[in-house]
Amino acid sequence: MIGIIFGVIIPYIAFAIFVVGVVYKFIYWAKSAVPLKIPTTSGQQKSLKFIKRTIYDRFDSPYTKWETAVRMILEIFAFRSLLKNTRYYLDRLSQRDARWLWLFAILFHYCLLLVLIRHTKFFLEPVPSFVEMISELEAFKGVFIPSVYVSGVTIIAALFLLWFRRIFLSRERCISLPSDHFALLLLLAIVISGNVMRYFIKVDISAVKGLLLSLMAFNIPQAVEFANSIEPMFYIHFALGSFLLAYFPFSKLMHAGGIFFSPTRNMPNNNRAERHVNPWNPPYKGITWQEYYEAYKDQLDEIAESGYKVKPEVL
Amino acid sequence: MYHKKYVIPLIVVFLALAFSPLIYNAMAKSLGHYPEITKPKGECVESAEWMRANHMLLLQEWRINAIRHGAEGGRIYHSFTYGKEFHASTNTCWECHQDKTVFCDKCHNYVGIKPECWDCHWNPSLEIPVR
């Protein structure tokens, strides 16, 4: 029974919530207008010719679409905005390096990427050779037996560091909401249960892959058969993973998709060169000079008589 | 919806990534695939259910017992399922599982695992190059 619930029903529901939720969020965000051009920049913006811009300025204060795209890519792969997380004190005008967030975040996210790539061996048949290669590289080709995957262990450390940052630093603790702790604890529970399953309480992983492949084929009887033969330890990991999938679109974890929609990052800083029209403004209808002149004919003529230039020279 | 020319490709890419395992397996025609293993003769040292999940722990225990406690009877393994005694050695395995390629490798390839054991240790499927 536990196999049917946590092995067949909940994964389907969770995956459906995940896909529908993420697409819903994308559409919801795309529907909201950006009334102002608000890129946050930290470089010299494009201006007069004699004001020099270095290569850093080009990507910190992008002017064209391509520069903005490069900035986004750097943001996604190098988390450059977290590098600005330096501390200022009131008593002195100095800054102190407090870039732990960047270090912990990059440690966690790249470990997560490697862990996800390694997990594709449970979803893909035949297993791609690069997945096997990454697994072997991570285990240093079996220096430890059984193979200890570096990313699987590091991700626990990174998550604890991220969590301790929220617990032990007073200001971070002050601004932490329950959802911040919950996301970290849920991820911790998943990675710890995964590591326990890998190194201590073993499960039959060929049946796990059989279950996943038959779920993908919508072969329910076969899936139920596999689900009932797998050890309970697997379901702790699998159910928590399903909960994470279902929780993902409606939580702060959705920053994975939200980064593409953040207006402070995805807009070029060309405020002075291009007019940014607020999309919810009503369509503006101007009047021509002739209409204006007809409306205020008497006053304009009177002003023109006293020697002022009223009529624009170029029409 | 604003910026449709960016958002719609993003949604398409997301959907493609989310369903990539399904697409990959459908293209490889391996949906619902599970390796068929011919059952070897005889009984294993423990129950097949237990062995399927824990054989690597058993081999590790055997290795440690053979290396550290070999002289004090570490090479005798007491099966907790059947209560019998076995010689703790991979040669005991090879008595029944006479071909690694049709038994071990089936599942190991299926889940993409390459045990390093066979870089050094002998197995019956090994082809010794003729001098």
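Please read these numbers as outputs of a predicted model, since none were measured by experiment. Throughout, protein chains are lettered first and strands after them, A, B, ... in sequence-line order, and every chain is numbered starting at 1.
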Original post:
Just wondering, are more than 12 heavy atoms of other shown residues or ligands nearer than 6.0 Å to CD in B:E72?
Top reply: yes
Original post:
Do B:E49 and A:D204 come close enough that some side-chain heavy atom pair is under 4.5 Å?
Top reply: no
Subject >> Segment of A:Y28 engaging chain B (4.5 angstrom heavy-atom cut-off) >> reply: neither
Original post:
Would one find more than 12 heavy atoms of other residues, nucleotides or ligands at under 6.0 Å from atom OH of A:Y24?
Top reply: no
Original post:
Picking from A:K209, A:E136, A:M216, which has the most non-hydrogen pairs under 4.5 angstrom with chain B?
Top reply: A:K209
Original post:
Taking every heavy-atom pair that is under 4.5 Å apart, which of A:A33, A:S135, A:S147, A:S214 has the most such pairs with chain B?
Top reply: A:A33
Original post:
Taking all atoms of both residues into account, what is the closest heavy-atom pair of A:I205 and B:V111, and its distance?
Top reply: O-CG1, 3.7 Å
**OP:** Report yes or no: does B:Y110 contribute a side-chain atom to a donor-acceptor pair with the main-chain N or O of A:V127 at less than 3.5 Å?
**Re:** no
**OP:** Any chance you could measure B:H3, atom NE2, to A:W29, atom CH2, to the nearest 0.5 Å?
**Re:** 15.0 Å
**OP:** Using a 4.5 Å cut-off on heavy atoms from C-beta on, say whether the side chain of A:L213 contacts that of B:L31.
**Re:** no
**OP:** Verify side chain to side chain contact (heavy atoms under 4.5 Å, CB included) between A:E132 and B:I113, making sure each step is shown before the conclusion.
**Re:** CA-CA 7 Å; A:E132 285 180 0; B:I113 280 170; over 6 Å; no
Subject >> Enclosure of B:W122 CH2 (heavy-atom neighbours >12, cutoff 6.0 Å) >> reply: yes
**OP:** Please report the closest heavy-atom contact between A:K202 and B:A53, naming both atoms and the distance.
**Re:** CB-O, 3.1 Å
**OP:** Would you check if B:L57 and A:F200 make a side-chain contact, meaning some heavy-atom pair closer than 4.5 Å?
**Re:** no
**OP:** Look only at the side chain of B:Q60 and the backbone of A:I145, and say whether a donor-acceptor pair between them is shorter than 3.5 Å.
**Re:** yes
**OP:** Compute the centroid of each ring, for A:F26 and then for B:Y6, and state whether the two points are separated by less than 6.0 Å.
**Re:** no
Subject >> Non-hydrogen side-chain atoms of B:Y24 and A:P126 separated by less than 4.5 Å >> reply: yes
**OP:** Measure the shortest side-chain to side-chain distance between B:L10 and A:F260 over non-hydrogen atoms and say whether it is less than 4.5 angstrom.
**Re:** yes
Original post:
In terms of heavy-atom pairs under 4.5 Å with chain B, which of A:E125, A:R118, A:K121 leads?
Top reply: A:E125
Original post:
What part of A:Q222 lies closer than 4.5 angstrom to a heavy atom of chain B: side chain, backbone, both or neither?
Top reply: side chain
**OP:** Compute the ring centroids of B:Y34 and A:F226, then answer whether they are less than 6.0 Å apart.
**Re:** yes
Subject >> Under 4.5 Å from any heavy atom of chain A - which part of B:L59 >> reply: neither
**OP:** Report the distance from atom CD1 of A:I27 to atom CD1 of B:I8, rounding to the nearest 0.5 Å.
**Re:** 8.5 Å
Subject >> Closest non-hydrogen atom pair between B:Y2 and A:P279, with its separation >> reply: CE2-CB, 3.3 Å
Subject >> Most contacts with chain B, counted as non-hydrogen pairs under 4.5 angstrom, among A:S229, A:S129, A:P128 >> reply: A:P128
Original post:
Is the count of non-hydrogen atoms from other residues, nucleotides or ligands lying under 6.0 Å from A:Y12 atom OH greater than 12?
Top reply: yes
**OP:** Please name the pair of heavy atoms, one in A:K65 and one in B:K5, separated by the smallest distance, quoted to 0.1 Å.
**Re:** NZ-NZ, 3.7 Å
**OP:** Measure the OG-CG distance between A:S206 and B:N109 for me, rounded to the nearest 0.5 Å.
**Re:** 12.5 Å
Subject >> Point-to-point distance, once rounded to the nearest 0.5 Å, from NZ of A:K25 to CD1 of B:I11 >> reply: 13.5 Å
Subject >> Heavy-atom donor-acceptor pair, B:N25 side chain to A:L124 backbone, under 3.5 Å >> reply: no
Original post:
If you take all heavy atoms of A:A30 and B:M1, which pair is closest and at what distance?
Top reply: CB-CG, 3.4 Å
Original post:
Which region of A:F123, side chain (C-beta onward) or backbone (N, CA, C, O), has a non-hydrogen atom less than 4.5 Å from a non-hydrogen atom of chain B, or is it both or neither?
Top reply: both
**OP:** State yes or no: are the ring centers of A:F15 and B:F19 separated by less than 6.0 Å?
**Re:** yes
Original post:
Does B:H121 NE2 have over 12 foreign heavy atoms under 6.0 Å away?
Top reply: no
Subject >> A:V203 versus chain B, the contacting section by heavy-atom distance below 4.5 Å >> reply: backbone
